[in-house]
Amino acid sequence: MLKLDLEQLRVHASDHFIPRQTPEAILVKCDEIIAEPLIAVEKEAKRDVILPTARKLFDRICNLAFGDCLAGGTAYRLRGAQEILQAAAFPDWNPSHFLDTAEMSATVAIGLGWFTPVMRSSDRLLVLSAIIQKGLYPALTAVDDQAFWLTARHNWNIVCCSAMVISALAIRCHDAPLAAKIIDNFVPAMRSGLEGFGDDGGYEEGPAYWEFAVRYTALAYALLMQEGLIGEVPAGIRNTWRFGRDSKGPSGQDFNFGDNTILSRRSPVLGWLAKISKEPEAAQWQRDAAGEPSPLDLLWRGPSKPVNSAASYLATFEPAGMAVLRNRHLWAGIKAGRNDVNHAHLDLGSFVFEAGERRFVSDLGRDDYALPGYFDPSQRFSYFRTRTEAHSTLMFDGLQQSREAYSLRIGTDQAPDALSAAYQIVEPSLEHVWRRGWILHDDRLIVVDEIEFPDPSPAHDLKWQLYTDAAVDLIGNTAELSHGNRMVRVKIATPMNVNWEQSQPATGDGQFDNSSFTCLCFKITVRQTIRLQVELLTPGASPLMRILPAINKWGLHV
């Protein structure tokens, strides 16, 4: 298992480049764990899923193992051994929802590697037997049954396959043939899930699922490299720390498109990502990332030379379909990509916007996973938050986007005074051409839409909309969005003589409450090609006195 070098851990614990609270927080957490009952089965509300159990166990064994290294003695290790014995005694690890089995098996396997020195041989055999009977054998059954996740291009594949590799390495000395069989099946199978990472490090499912997928990828690859079974990691994994960093706004909130949450947990493997990338900026992100530091921060660390991140930059991730524009004061996240990705909503062209570390344009985020048919494509998009009408984008004739819709990046540009990005959003069943571009200046974000209809064309109803949880005050073609003493004005530059409307989104039965959000929109009816321009202005910024040139004149680079 992952080797804990006592001297190295203590050196890292005293290193100024590690967040100072990490060692103290680990010891406090260990004492809290010892004061609590041993791990017990906990399920998600309204779902027969024991992921809360697996994740609590993972946090417990990491804290107890590293706390033992920091404090000495055996109290923490002995408690860690009791925790994995308790988990091993569960009747099963919920194989009907194999993600539960995977996380439980990997966590117990990692704990076995760390706590073996204080375990009786009989207890060690009990834990080994549990990993085999409740983890690896069900995994081989899944292979025989051709389980969907074996070829899926999303987090289920990565987590399940990685977890089985981790588990196999834990039992390798006990049952080498079984371990080899698992590794031979699941290392190749994991390639399907890794296709969700672009070479630039972007991840299709978004930041919360990125954290989940990259955590298990890192743990599996770290062990495979430690055992000499692989020599390097794919380019997408080496670069993926950037996606984790860039998908988080200055407010500390994530770009929560699709089923992502607005606050995802801080990844415990940021240090491994920094080490494997060998980039000082990645190590700086390990230090600066918001959220609770992990014990694993003491295990891995990248180059510790402090760096100053650029005050203004543009980041794009393809094929993940996300772009980020950021300067000293403003930040915008842009959603492109495809609508058929796992956990996606029908949201192409949507965006979020922050000014002064406050979010003024929001994504409503995921709904309740326990809703009937939430993951069934035939029913999923009956729920409000998954639909186009719930996103800050453009709607055509009241229609929802289809799952077949996708975007094409037109290009980006990083000029000294502005950052810009543009996409063409393609709806295969419709004949119009729609291009949407964003330009971020020091004091404003400008959103431009170009829509070309066939000639002749019937009348089309367009609805330009954004969602906000700020207070809204309408003054004709200008809306003021306020968070306390911070304000952003949203002005319709074109078309002329059109005013804003606002409404409160409805909340359906059993769905998450939407009452804290306001939909700000304008509606027009057109028969021919049209350009729309909306400006989001910070205090002191004056509206542009001109209409921007066509997107193809922006000087974008593909």
Side-chain angles (χ1 to χ4, degrees), residues 148-149 151-158 191-210 212-214 236 239-240 242-243 246-247 254-260 315-324 332-352 363-367 374-383 385-396 399-412 421-438 449 451 558:
F148 77 92
W149 50 265
T151 55
R153 181 180 163 135
H154 56 65
N155 68 89
W156 269 73
N157 172 278
I158 292 173
R191 293 172 190 151
S192 295
L194 293 176
E195 290 177 359
F197 290 91
D199 285 347
D200 55 19
Y203 187 63
E204 294 175 333
E205 293 181 278
Y209 291 93
W210 170 86
F212 187 33
V214 82
N239 295 324
T240 199
R242 295 182 183 276
F243 183 81
D246 293 341
S247 59
D254 289 331
F255 184 8
N256 58 320
F257 59 83
D259 281 340
N260 288 275
T316 60
F317 298 95
E318 302 294 340
M322 188 185 85
V324 169
I334 297 164
K335 176 63 174 66
R338 310 190 322 274
N339 280 347
D340 61 354
V341 171
N342 192 48
H343 286 293
H345 293 180
L346 306 179
D347 62 355
L348 300 183
S350 66
F351 68 103
V352 295
D363 193 298
L364 277 61
R366 54 163 279 193
D367 215 312
Y374 188 77
F375 295 110
D376 179 350
S378 67
Q379 191 171 353
R380 173 176 174 80
F381 301 107
S382 66
Y383 296 116
R385 288 195 177 194
T386 64
R387 294 163 64 83
T388 309
E389 62 189 303
H391 294 88
S392 300
T393 189
L394 188 63
M395 289 193 69
F396 294 80
L399 299 174
Q400 311 302 316
Q401 295 175 11
S402 71
R403 291 193 71 231
E404 291 71 40
Y406 61 93
S407 68
L408 300 170
R409 188 174 68 174
I410 297 171
T412 61
Y423 292 83
Q424 179 177 336
I425 298 166
V426 180
E427 184 62 75
S429 64
L430 301 179
E431 295 183 340
H432 67 253
V433 176
W434 172 30
R435 293 178 291 270
R436 170 165 270 206
W438 296 259
D449 292 286
I451 306 101
V558 176

Any side-chain heavy atom of M322 within less than 4.5 Å of one from I334?
no
May I ask you to test the E427-Q401 pair for a side-chain heavy-atom distance under 4.5 Å?
yes
If you take all heavy atoms of D246 and A315, which pair is closest and at what distance?
OD2-CB, 3.4 Å
If I compare all heavy atoms of A320 with all of G202, which pair ends up nearest, and what's the gap?
CB-C, 3.9 Å
I want to check something: taking the side chain as every heavy atom from C-beta on, are Y203 and N155 in contact at a cut-off of under 4.5 Å?
yes
What I want to find out is whether D449 reaches R436 closely enough, with some N-O distance under 4.0 Å, to be called a salt bridge.
yes
Is there a side-chain contact between F381 and N339 (heavy atoms, below 4.5 Å)?
no
For the CG atom of D347 and the OG1 atom of T386, what is their distance to the nearest 0.5 Å?
10.0 Å
Euclidean distance, L394 CG relative to W434 CH2, rounded to 0.5 Å:
5.0 Å
Side chains of I158 and L194 in contact at under 4.5 Å (non-hydrogen atoms)
yes
Evaluate the ring planes of F243 and F317, with Trp represented by its six-membered ring, and classify them as parallel (under 30°), tilted (30 to 60°) or perpendicular (over 60°).
perpendicular
If I compare all heavy atoms of Q424 with all of V433, which pair ends up nearest, and what's the gap?
NE2-CG1, 3.9 Å
Under 3.5 Å donor-acceptor, S247 side chain and F255 backbone:
no
Interatomic distance, H343 atom NE2 to E205 atom CD [nearest 0.5 angstrom]:
5.5 Å
CZ of R153 to CZ of R191: how many Å apart, nearest 0.5 Å?
15.5 Å
A side-chain contact here means heavy atoms from C-beta on lying under 4.5 Å apart; do Y209 and N342 qualify?
no
For D259, the option from R366, R385, H345 that meets side chain to side chain donor-acceptor pair (under 3.5 Å):
H345
Fit a plane to each ring of Y423 and W438, take the angle between them on a 0 to 90° scale, and name the class: parallel (under 30°), tilted (30 to 60°) or perpendicular (over 60°).
perpendicular
Could you tell me whether the side chain of T388 reaches within less than 4.5 Å of the side chain of L346, counting heavy atoms only?
yes
Do side-chain atoms of N256 reach the backbone of D363 as a donor and acceptor pair under 3.5 angstrom?
yes
What I'd like to find out is whether the side chain of E404 reaches to under 4.5 Å of the side chain of D340, using heavy atoms alone.
no
What residues, two or more places apart in sequence or in another chain, satisfy salt bridge (charged side-chain N to carboxylate O under 4.0 Å, His left out) together with R435?
E450, E452
Minimal heavy-atom distance between S192 and N157, with the atoms involved, is CB-ND2, 3.9 Å
